[in-house]
Structure formats: C-alpha cells, structure tokens
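Notes to accompany the following structure.
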Amino acid sequence: MNWKFADNINTDLITPGRYNLLLDFDKLKDIAFIEYRPEFRGSVQCGDYIIAGNNFGSGSSRETAVLALKACGIKAIVAKSFARIFYRNCLANGVLAIEHDCTRIACEVNLTLDIDTQTLCDNEGNESYHLHIPEIMLVSYMHGGLLELLANYGVDALNDIYSFK
Amino acid sequence: MAQTIVEKIISNNVGYQVRVGNYVLVEPDIIMAHDTTCAWALSPFKKIAKRVAVRDKIVIVFDHAYPSPNVQAANLQSEIREFAREQNIPIITDGICHQILVERYVRPGCFVLGADSHTPTSGALGAVAVGVGSSDIAIAMATGKCWIRVPQTIKINITGKRRKNIFAKDVILSIARLLKSDGANHRAIEFVGPIVEKMDVAERLTLTNMAAELGAKCAIVASDAQTEAYLNNQGRGADYSLIKSDTDAFYERVIDFDVSEMVPQVAIPHQVDTVVDVQEIAQQRIKVDQVFIGSCTNGRIEDLEVAYKILHTNKLADNIRLIITPASNAVYCEALRRGYLQSFMELGAIVTSPGCGACLGRHGGILADGEVCVATSNRNFQGRMGSAKASVYLVSPEIAAKIALTGYITDTLL
C-alpha cells in the first residue's frame with residue numbers, strides 16, 4: 001500500500017524528539033509517525049511506499065527519521081522534493097528516495113518499481129511514471145547505502161564521489 | 001574565475017577551484033556532534049573504523065538533553081562518554097553546540113561540519129558550516145572527510161532603514177515568509193547589505209541560524225570589523241581574517257529585501273514559514289501559558305539584555321511560566337554579572353542551566369495538551385516542544401518579553 005503525505009513533512013513528525021531517545025534500530029518501527037499518523041506503525045508493511053509532496057523530511061537532522069522508515073521496510077519514498085539532510089541520510093542508509101510528483105497515485109494501488117528502466121507503474125497498468133534517479137542515489141542504494149559501501153570496500157571508496165555527475 | 005565566498009572556502013579546502021554542482025571531498029576544520037546525533041553515529045563509526053582520523057577536529061557537545069532528564073537520555077550519554085574516552089575526545093557540556101562553536105572554535109574561512117540541522121549558524125563568522133546526519137558525521141570522524149556538492153548561492157541583500165523594534169529575528173522570519181521552508185533547499189545563502197553590515201555578530205547568528213529553516217546547506221556573512229570585534233572580545237583576535245565574495249561572482253538569485261516598513265513578526269503554528277505581523281493576531285488576544293527565551297537562535301547575552309530591559313521594572317502576567325535558558329555558560333555568567341538573572345528570578349521567571357532547554361521538547365518546559373507557548377527559538381513544528389496538541393509561536397526576544405508581561409500575544413504593552 002501507499003502512504004500518502006502532504007508537503008513539508010518534517011522529521012519531528014516522523015520521529016518526535018521525545019520518543020527519539022533510543023539506539024535500537026528495530027524499535028524505531030514503533031515510533032514512526034507515532035503522533036502524526038498513529039495508524040502507520042500498526043499497519044505499515046514491508047514493501048509499502050511513501051508518496052509525498054514537497055520538502056519531505058525537513059527540519060532536524062535526526063537520522064532516526066530515515067532509519068524508522070527503513071525499519072518499517074518502506075520500499076521507496078517518492079516525493080516531489082526532499083529536504084537536503086534527509087536525502088543525505090537516505091543515501092547513507094540505502095533508503096531509496098526518488099524525486100518525482102506521484103501524488104496522484106491512490107493509497108490502495110499496487111506499484112512496481114523497475115530500477116533498470118527507472119519506471120514506477122501501477123499494477124493495473126493505468127499509470128506509468130518515468131523517474132530520474134541520480135547516479136549517487138542509484139549507487140548508494142545498490143550497495144545498501146554509502147555506509148555499507150564503505151564498510152565493504154574500505155573508506156577510500158569515498159573517492160568515487162568525484163565520478164558522480 | 002570570480003567566486004562567491006562559499007565557493008572560495010570550499011576551493012581553499014580542497015586545493016583547487018571548484019564549480020557549482022561539483023561533487024567534492026572536503027576536509028572539515030571542525031567536526032561536531034551532540035548528545036543525540038553522536039549517539040546514532042557510534043554504530044556507523046564502528047562499522048567502518050576503529051580510531052578517529054582527526055581527533056583534534058572533533059567537538060562533541062552535550063546540549064540537547066543535558067543534564068539528562070531520564071534514563072534513556074542518560075544511557076545515550078553514557079555510551080557517547082565511553083566512545084569519547086576510548087578515542088580521547090573531550091566532551092563539552094557548557095552550552096548549545098552552535099554557541100560553543102562560535103565562542104571558541106569557528107574562524108572566518110573555515111569549514112564546519114555538524115551533525116545538527118542548525119549548523120549553518122557558524123556562517124555568521126564567515127565560515128561555511130554544513131549540517132548533516134549521524135552517518136555522515138561518523139564517516140567524517142573515521143576519515144576526516146565529507147562529500148558535498150558545491151551549492152549555488154542565493155544573495156539576500158538587506159536594505160532600508162530599520163525601526164528600533166525590529167530585530168534580526170523579525171528580518172529572518174519575514175524572509176521565511178517570502179522564501180518558504182524549502183526556498184533555499186540545497187543552496188547557500190549569503191546575507192549582505194547595509195543592514196547586515198550594521199548588525200553585530202549576535203544578530204547575524206540569528207539570520208544564519210534560521211537559514212536552516214529555509215533548507216539552506218549553509219548561510220554566510222562576509223567577515224568584517226564586526227567579526228573582528230567579536231573575535232577580539234572572545235580573546236581570539238588572531239583567528240580573524242578577511243573573506244568575502246568577488247564583486248563579479250555569479251549568484252543563482254539576488255533578493256533585495258527592504259526592512260523599512262517591517263513590523264514585529266511571528267511564525268504561527270505549525271510551520272516556520274507561516275509568518276504574520278504580530279499586530280494581525282493581537283486582536284485575537286491569544287492566551288499564552290509559557291514563554292521561552294533561549295536557544296541557538298536567540299539565547300545570547302544581547303537577547304537577554306533586550307528581555308531584561310522590557311521585564312525588569314514590570315510584573316509577569318498571572319499564571320504565565322517564563323523560562324529563560326542562556327545559550328552557554330559564558331552567556332549565563334555574563335547575565336549573572338550584569339544582574340539580569342537575579343532580576344529574572346525576582347520576577348518569578350525560571351532560569352535554567354544553559355543548553356537547548358525547552359526548544360525541542362525533551363526537558364526544561366514540556367508543553368501540555370492545548371497549551372500555547374511563545375518562543376524565541378527556531379521551530380514551531382507540531383509536537384516540537386511537547387504535546388502534539390500544543391501550539392508554538394516564534395518571535396523575537398523583545399516580543400517574547402512583552403508577552404510575558406501581558407499574558408497574550410501582542411506587540412504592545414498597553
């Protein structure tokens with residue numbers, strides 16, 4: 001299913017500061033949107049999408065906002081735009097954040113994402129979106145995140161950054 | 001090629017002339033994390049390194065919930081302490097991270113990387129200061145490096161004749177009203193113009209601090225005599241150097257912002273860019289339960305001075321909680337020396353230990369359901385300062401002090 005959100009969803013709404021005092025990745029599932037969308041944590045399923053408006057993840061730099069959505073198994077966050085630090089935190093953690101206006105997609109429609117062709121289709125075939133995923137996001141995502149990439153290939157792999165367009 | 005101040009600082013850091021849009025690896029001069037973001041940096045760090053690469057550049061500050069208000073926060077701090085002990089890094093506990101950085105570490109031309117969204121604050125001293133998350137700060141601790149993309153710069157030229165009751169806070173709230181909360185996303189902001197030139201560093205810090213609320217990657221003010229005076233005052237005169245943009249540098253956008261007609265501004269719940277004139281909502285007589293004066297936006301001695309001048313000959317409104325949280329021990333001690341703190345206490349205010357305090361709703365003034373808070377801080381998001389059913393309004397210290405006396409949202413003391 002697709003969880004739809006409006007513009008300017010800030011990280012205080014995703015993982016409020018008062019609930020943010022923990023270091024257990026799995027437990028972050030229990031605080032995702034705990035007050036803003038209380039039904040989220042009970043019903044979200046692995047493979048669900050988040051479809052949002054502009055400036056998703058604005059505000060605080062807290063990485064728990066990205067990690068909580070990763071812990072919930074969110075397949076991709078597709079937003080009209082992302083706040084800068086949230087997007088970086090997605091890159092670091094291998095969470096697929098795609099800038100595209102998909103706000104017309106309904107909650108109940110099943111989606112298929114094809115990374116190779118960079119298309120997002122609804123399974124009834126009514127609608128197909130051609131995406132543009134930047135190289136840095138693709139590489140990070142394929143390796144499970146920049147951090148995982150550095151863990152596997154050594155920190156000198158940071159130098160690959162120069163090749164990104 | 002002509003460069004903006006931001007392009008110059010990044011070029012100096014990497015050792016070649018960068019261009020907007022380039023991905024580069026910088027070696028930050030300062031790598032900062034605090035009690036929340038550092039906690040989440042520990043496991044990423046251990047994934048990729050055993051020892052920090054650049055011990056002398058790392059600054060760890062406990063400020064978000066210090067001293068700890070509960071066992072969870074205490075346990076996070078305990079884990080960070082263990083890491084800091086192993087790596088031989090001191091932990092700083094005498095104020096808000098951004099305030100500590102400008103008081104003791106930042107100099108014009110340096111590159112600051114901070115695991116906190118308000119890291120751009122340090123740009124008021126002519127530095128490039130970029131906020132990131134915990135993983136990026138862990139990578140910087142492990143390697144001494146951080147990738148960034150060289151940003152476009154938006155120049156905001158602040159002009160006109162500023163009325164006496166208009167502060168940097170009103171100016172930046174008004175800019176947020178214009179640019180909206182993603183108006184500078186991924187961009188650098190350079191604040192220039194006659195109004196900025198006349199502002200002291202304390203006021204410039206309010207501008208650069210809240211540039212984060214426009215999504216800015218960094219915000220900067222060229223160094224000048226004000227910067228030099230500030231550093232001299234901190235006993236760091238030798239850290240001063242002149243750095244400014246080339247006159248023919250390219251800007252993505254230039255915004256002329258005239259403040260002559262400006263009146264006091266307020267951000268109303270629950271977005272920082274939902275800004276109106278205080279006068280517009282004054283007639284609603286919105287009753288206020290708590291006033292918070294503090295934060296990295298407006299918790300400096302100059303802010304407390306403004307509040308003191310309004311408050312000290314008066315009496316607080318009935319049933320109002322006035323919480324005053326100096327931004328650092330240095331601010332606290334100066335306020336003590338000047339008699340402000342005694343005056344605040346005699347009025348019935350609550351003066352707390354320095355740090356982030358009530359700003360992020362973890363301790364020191366958490367709001368109940370339905371309560372209204374007027375704050376000098378930088379965020380009024382739903383649930384930010386406590387209950388998701390509470391409302392937060394952002395104003396300058398002068399307006400906050402006036403409201404502490406009247407008990408409702410207003411810009412006059414009648």
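Computed from a predicted structure; not experimentally measured. Lettering of chains follows the sequences in order, A, B, ..., and the numbering in each one begins at 1.
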So for B:Ala115, is it side chain, backbone, both, or neither that comes closer than 4.5 Å to the heavy atoms of chain A?
backbone
Check the pair B:Asn185 / A:Phe82 against side chain to side chain contact (heavy atoms under 4.5 Å, CB included), numbers first and verdict last.
CA-CA 9 Å; B:Asn185 199 10; A:Phe82 290 91; 5.8 Å; no
If you measure only the distance, is there a donor-acceptor pair under 3.5 Å linking the side chains of B:Thr37 and A:Glu63?
no
Tell me, yes or no, whether the heavy-atom count around A:Lys4 atom NZ, taken from other residues, nucleotides or ligands under 6.0 Å, exceeds 12.
yes
Is it true that the side chains of B:Asp116 and A:Ser61 contain a donor and an acceptor less than 3.5 Å apart?
no
Step-by-step side chain to side chain contact (heavy atoms under 4.5 Å, CB included) determination, B:His64 to A:Asn20:
CA-CA 12 Å; B:His64 275 53; A:Asn20 211 5; over 6 Å; no
Could you grab the distance from atom OH of A:Tyr87 to atom NE2 of B:His186, nearest 0.5 Å is fine?
8.0 Å
So which of A:Gly145, A:Ser60, A:Ala83 has the largest heavy-atom pair count under 4.5 angstrom toward chain B?
A:Ser60
Above 12 or not: heavy atoms from other molecules or residues under 6.0 Å from OH of A:Tyr153?
no
Around B:Arg51, counting heavy atoms of other residues, nucleotides and ligands shown, do more than 12 lie under 6.0 Å from its CZ?
yes
With rounding to the nearest 0.5 Å, note down the distance linking OH in A:Tyr36 to NE2 in B:His270.
9.5 Å
Is any side-chain heavy atom of A:Leu23 less than 4.5 Å from a side-chain heavy atom of B:Glu79?
yes
Any heavy-atom pair between the side chains of A:Asn159 and B:Trp147 that's under 4.5 Å?
no
How far apart are the C-alpha atoms of B:Lys47 and A:Glu148, what are their side-chain angles, what is the distance that settles it, and do they pass the side chain to side chain contact (heavy atoms under 4.5 Å, CB included) test?
CA-CA 8 Å; B:Lys47 250 183 136 122; A:Glu148 202 62 37; 2.7 Å; yes
Chain A contacts, top residue of B:Asp136, B:Leu360, B:Asp273 (heavy-atom pairs, under 4.5 Å):
B:Asp136
Find the one option among A:Ser163, A:Gly17, A:Ser81 whose heavy-atom pairs under 4.5 Å with chain B are most numerous.
A:Gly17
Starting at OG of B:Ser387, measure out to CD of A:Glu35 and round the result to the nearest 0.5 Å.
7.0 Å
Quick one: of B:Ala73, B:Gly131, B:Ala49, B:Ala388, who has the most non-hydrogen atom pairs under 4.5 Å with chain A?
B:Gly131
Most contact-rich option vs chain B, by heavy-atom pairs under 4.5 angstrom, among A:Asn89, A:Asn10, A:Leu150, is A:Asn10
Is there side-chain contact between A:Leu146 and B:Ser135, with at least one heavy-atom pair below 4.5 Å?
no
If you tally heavy-atom pairs under 4.5 Å against chain A, which of B:Pro44, B:Gly215, B:Gly383 wins?
B:Pro44
B:Ile137 versus chain A, the contacting section by heavy-atom distance below 4.5 Å:
neither
Looking only at A:Gly59, A:Ala92, A:Ser58, the option with the highest number of non-hydrogen pairs under 4.5 Å against chain B is A:Gly59
Side chain, backbone, both or neither: which part of B:Asn70 has a non-hydrogen atom closer than 4.5 Å to chain A?
side chain
Once you round to the nearest 0.5 Å, how far does NZ of B:Lys217 lie from CZ of A:Arg88?
7.5 Å
Answer yes or no: does atom NZ of B:Lys46 have more than 12 heavy-atom neighbours from other residues, nucleotides or ligands under 6.0 Å?
yes
Minimum side-chain heavy-atom gap B:Lys180-A:Asn8 below 4.5 Å:
no
Under 4.5 Å from any heavy atom of chain B, what part of A:Thr11 do you find: side chain, backbone, both or neither?
neither
Report the distance from atom OG of B:Ser43 to atom CG of A:Leu147, rounding to the nearest 0.5 Å.
7.5 Å
Measuring heavy-atom distances to chain A, does B:Glu213 have an atom under 4.5 Å in its side chain, in its backbone, in both, or in neither?
neither
Go through the atoms of B:Ile139 and report whether side chain, backbone, both or neither lie under 4.5 Å from a heavy atom of chain A.
side chain
Name the option with the most non-hydrogen atom pairs under 4.5 Å to chain B; the candidates are A:Leu67, A:Leu91, A:Asn152, A:Ile136.
A:Ile136
Between A:Asp12 and B:Arg379, does at least one N-O distance fall below 4.0 Å, as a salt bridge requires?
no
Residue, of A:Leu28, A:Asp7, A:Asn54, that accumulates the most heavy atom pairs under 4.5 Å with chain B
A:Leu28
Kindly indicate, with the supporting measurements, whether the criterion side chain to side chain contact (heavy atoms under 4.5 Å, CB included) is fulfilled by A:Tyr162 and B:Asn22.
CA-CA 8 Å; A:Tyr162 293 113; B:Asn22 287 167; over 6 Å; no
Check whether B:Thr143 gets within reach of chain A through its side chain, its backbone, both or neither, counting any heavy atom under 4.5 Å.
side chain
Do you know the tightest heavy-atom contact between B:Ile48 and A:Ala151?
CG2-N, 3.7 Å
Within this structure, what is the OG1-CD1 distance for the pair B:Thr119 and A:Ile85, rounded to the nearest 0.5 Å?
7.0 Å
Are the side chains of A:Ile161 and B:Val24 in touch, meaning some heavy atoms are under 4.5 Å apart?
no
